[in-house]
Number of protein chains: 2
Amino acid sequence: MAGVQRVGTGTNQEAVRRHNLGTLLRHVHDSGEQSRAELTGQMGLNRSTIAGLVSELDELSLIEQASPAVGRRGAGRPSAGVRIRDDGPYVVAVDLGVDRAVVARIGLGGRIWDRATAPIPHDTEAWQVGATVAGLVRQVVALSPPEAPLLGIGVAIPGLVRRSDGLVRHAPNLNWHDVSFGSIVLAALSLDVPIAVGNDADLGALSEHRRGTAVDVDDLVYLSGNVGVGAGVITGGNRLEGVAGYAGEVGHLSHDPRGLVCHCGSRGCWETVVGAPAIAEALRCPEDQVARLGEILEDMTTAPRELRSIATELGRGLAAVVNIFNPSVVILGGHFLPLFRLCRAEVTAGLTERALSPARDAVRLALPGLGGDSILLGAAEMAMEPVFVDPVASLAAAVTDAPARLAG
Amino acid sequence: MAGVQRVGTGTNQEAVRRHNLGTLLRHVHDSGEQSRAELTGQMGLNRSTIAGLVSELDELSLIEQASPAVGRRGAGRPSAGVRIRDDGPYVVAVDLGVDRAVVARIGLGGRIWDRATAPIPHDTEAWQVGATVAGLVRQVVALSPPEAPLLGIGVAIPGLVRRSDGLVRHAPNLNWHDVSFGSIVLAALSLDVPIAVGNDADLGALSEHRRGTAVDVDDLVYLSGNVGVGAGVITGGNRLEGVAGYAGEVGHLSHDPRGLVCHCGSRGCWETVVGAPAIAEALRCPEDQVARLGEILEDMTTAPRELRSIATELGRGLAAVVNIFNPSVVILGGHFLPLFRLCRAEVTAGLTERALSPARDAVRLALPGLGGDSILLGAAEMAMEPVFVDPVASLAAAVTDAPARLAG
DNA sequence: GTTGATTGTTGTTCGGGCCAACGAAATGGC
DNA sequence: GCCATTTCGTTGGCCCGAACAACAATCAAC
């Protein structure tokens, strides 16, 4: 607890050091093992400066130095590798889906060490879900190296999450209103670690940006198709959040004013056309299978006509997204993943029909590079964020004996 | 031309100095005369550090130190004021409207020194517009102090502007496609200064954020009603641009799929309902008065029924904007300004009807605090941006004898 | 084996912000 | 009117971190 955290718009030397330390760690986290020479080039700092930063991270047990990578080319002395330690810090990520919770222990560097899953019956109350999640957290943490610090917990929720405190304002699929899920989980664990809660689509965008299809892209949209439809947006390299964190609610864009009434009260929202219930109905699936829609679509090899027309509507709605955000990638997640695989032509046609051509020309539609783990990994990335801003402070707030504490 | 510009994600000492120098200047620019004590508090740096920065800016002739402000309260030695020099650097801002061009000489600090206007007849070719604008630029620059440096020119255009090079991709009202208007103006002036071109709505948002209604707000939308409808968005304090700079094109959100055909090719875009031509037609204005719609609305005291129903549609469309961006302010510019004055209740009702309540509760509708000058001042802010990033480099690129050069 | 290229290491230099001490300028109580 | 108090500007010394330079280590190419 050395220095008081300084505030203000100016930059001082402490801040420089913090920033450089965090940035170096982020590079290794993002791109895997890197030679010191590569880091020197990417960060634009002096060799000796990099050496100092690396040795400080080494002393913090965050990274380890490896012998030079084999298979490199070119003359000169080979540069030592810098990589994340296997028994280094980790986070716990929680992906709360429509009908199940996935919890994983994820190390710095994005490696998923352990994973546990449990079903969440429909209309379960928040505290019960919290207890279930806490149980899964205990499972995965029990498997961690005893000394490895737990940096924090990240939770992805399909709903509106207030950014200031992580309050879940409204999660229609879970039927939650104003639930402080973070506190519930911490209480169930009787543990005090940093916990962050975020919207699932936002977190999908985050992980695809950092280690998925959109690594080199600073403007992207991740479209989540769960039961509802939401977008996670990264623009200029930053998460689009809005004042309170509710930005990206594209599911309620007006698509057809004479359409069906949506649960939000309006009529003809895009969600009523391309959301899971609408697709399930078009395919005549039983209503209790809506949560499994993704798998059902995965199993199809050809698309019936009803599905193809929905794909066109997906494309038309995407045009609005493209016009508004001018992204270079739109990633189709959730049930849009198999839908896009089946009906790529229809989606593209719908998009082309409605999007303004300069924006249309700049965009590419893509599948999530991390498959079904985008959201889970995004929750991990969110929980890791503080360690890249200030490694020392973040480690100070971490829990170093998590397995013992949670077992007790 | 001292140092090569370093690149990379790391921060070095030069960068710290640049940043602090620019940030101090920005504070004085944003908030007017400030005491050194206030600057110390806001920037979180040491008194002596501030003293060093101030004296460096003083030597660059950017600011001047004034005797302590009168009317202050409290004990202690009064702190000297820091303010922008009247004969300090300035920019030239150009607001290219539908039927006229406004050019102004604007100093650091946002003071409009001189202003000149000329009509732009319909369907004038780009090079002719460039010549007209160049003439106006000569007029306003001729009045500047002979030694004051011209930092650059900022141009606001009602259309899609590519961010990488300022190319005007498409400006429907001017009937321009792929026009490099910056180069045209510079050629007409035979001058080489930094010139930046931006979208009018984006620039409206920028100036309202810096010195208008939204000074303390980091998430806002400026809705421009010219002939078309566009939005300038600032989110988390940053301009929303998208990969190429086309973000914010909300005018072509689908509002009624069975509506009128829009010039973009789609049907029932929001613009076809609340754009100037639609309002003019509803009011039975002659077609050549469309560009004057704002003034016509200004002169009205009560709103006819047709106008009220358009206001409702404006509110409904705003709901989409609010759901997507979750701003804390939406500023209604252009012809939406008088429309909102006349029909505040209808707009608000339309918004409430469709917006999701958490986002709805966070937002406030507002009139531009800078009135009709938002866009002009935004163009100035854009042109000034480099001087806040690196004052020394920006001054090196400035022209110090602009009046003489342009007169010759 | 020799040469050239590249990188790590070490010690030194440079520069920027911090700190403490002191003087200056105003307020307020007596 | 005087003096204690408060706040601020200035100055010189200090610390820290990045840059620089010289040297050693390592490998490729000839």
Side-chain angles (χ1 to χ4, degrees), chain A residues 2-24 34-59 65-82 390-392, chain B residues 2-24 34-58 63 65-82 390-392:
Chain A
V4 196
Q5 185 72 19
R6 298 274 307 285
V7 289
T9 50
T11 304
N12 55 13
Q13 302 188 108
E14 284 173 58
V16 170
R17 184 66 171 184
R18 270 204 307 273
H19 174 254
N20 286 346
L21 215 52
T23 304
L24 198 154
Q34 302 256 293
S35 74
R36 284 161 56 156
E38 288 169 323
L39 290 168
T40 306
Q42 285 179 23
M43 293 186 61
L45 298 180
N46 196 281
R47 282 208 296 271
S48 49
T49 308
I50 296 292
L53 294 169
V54 167
S55 78
E56 184 166 348
L57 289 176
D58 202 342
E59 284 164 20
Q65 302 190 52
S67 34
V70 292
R72 58 178 280 283
R73 53 171 64 256
R77 174 178 174 176
S79 188
V82 178
D390 185 348
V392 179
Chain B
V4 195
Q5 187 72 18
R6 298 275 307 286
V7 288
T9 51
T11 304
N12 55 13
Q13 303 188 108
E14 284 173 57
V16 170
R17 185 67 172 185
R18 269 205 306 273
H19 174 254
N20 285 346
L21 215 50
T23 305
L24 198 155
Q34 301 257 293
S35 75
R36 283 162 59 159
E38 288 169 323
L39 290 168
T40 306
Q42 285 180 22
M43 294 186 62
L45 298 179
N46 195 283
R47 279 211 298 271
S48 45
T49 307
I50 296 292
L53 294 169
V54 168
S55 78
E56 185 166 347
L57 289 176
D58 202 342
I63 53 106
Q65 303 192 49
S67 33
V70 291
R72 57 177 284 282
R73 53 173 65 252
R77 175 177 175 175
S79 187
V82 177
D390 186 347
V392 179

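Given the structure is predicted, the values throughout are model-derived calculations rather than measurements. So that the names make sense, note that chain A is the first sequence line, chain B the second, and so on, each numbered from 1.
- Listed pair A:T49 / D:dG17 fails the phosphate criterion, with no side-chain N or O lying under 4.0 Å from OP1 or OP2.
- When each of A:N20 and B:T40 is assigned the nucleotide of DNA chain D bearing its nearest heavy atom, the one mapping closer to the 5' terminus is B:T40.
- With rounding to the nearest 0.5 angstrom, the OG1 atom of A:T49 is 8.5 Å from the CZ atom of A:R17.
- Spacing between atom CZ of A:R17 and atom P of C:dC18 amounts to 17 Å, rounded to whole angstrom units.
- One donor-acceptor pair, N or O on each side, does fall under 3.5 Å between the base of C:dC19 and the side chain of B:S48.
- In the interface, the side chain of B:R47 is paired with the base of D:dG9 through a donor and an acceptor atom under 3.5 Å apart.
- Distance, B:E56 CD to C:dG16 C1': 11 Å, rounded to whole Å.
- The shortest distance between side-chain heavy atoms of B:D390 and B:V392 falls below 4.5 Å.
- The distance between atom CG of B:L53 and atom C1' of D:dT10, rounded to the nearest whole Å, is 15 Å.
- Per the geometry, CD1 belonging to A:I50 stands 14 Å off P belonging to D:dC20, to the nearest Å.
- From B:L24, atom CG reaches atom CD1 of B:I50 across 5.0 Å, with rounding to the nearest 0.5 Å.
- For B:R36, the side-chain atoms get nearest to D:dG9 when compared with the rest of C:dT9, C:dA25, D:dG9.
- In this structure, the CZ atom of A:R18 is 14 Å from the C1' atom of D:dG17, given to the nearest Å.
- Looking at heavy atoms from C-beta onward, A:L53 lies in side-chain contact with A:L45 at the 4.5 angstrom threshold.
- Taking 4.0 angstrom as the limit, B:S79 places a side-chain polar atom (N or O) nearer than this to OP1 or OP2 of D:dG9.
- In this structure, CD on A:Q42 lies 5.0 Å from CD on A:Q34, to the nearest 0.5 angstrom.
- Between B:L45 atom CG and C:dC19 atom C1' the separation is 14 Å, expressed in whole Å.
- Taking atom CG on A:L21 and atom P on D:dC16, their separation rounds to 16 Å, with Å as the unit.
- Going from atom CG of A:N46 over to atom P of C:dC14 covers 15 Å, rounded to whole Å.
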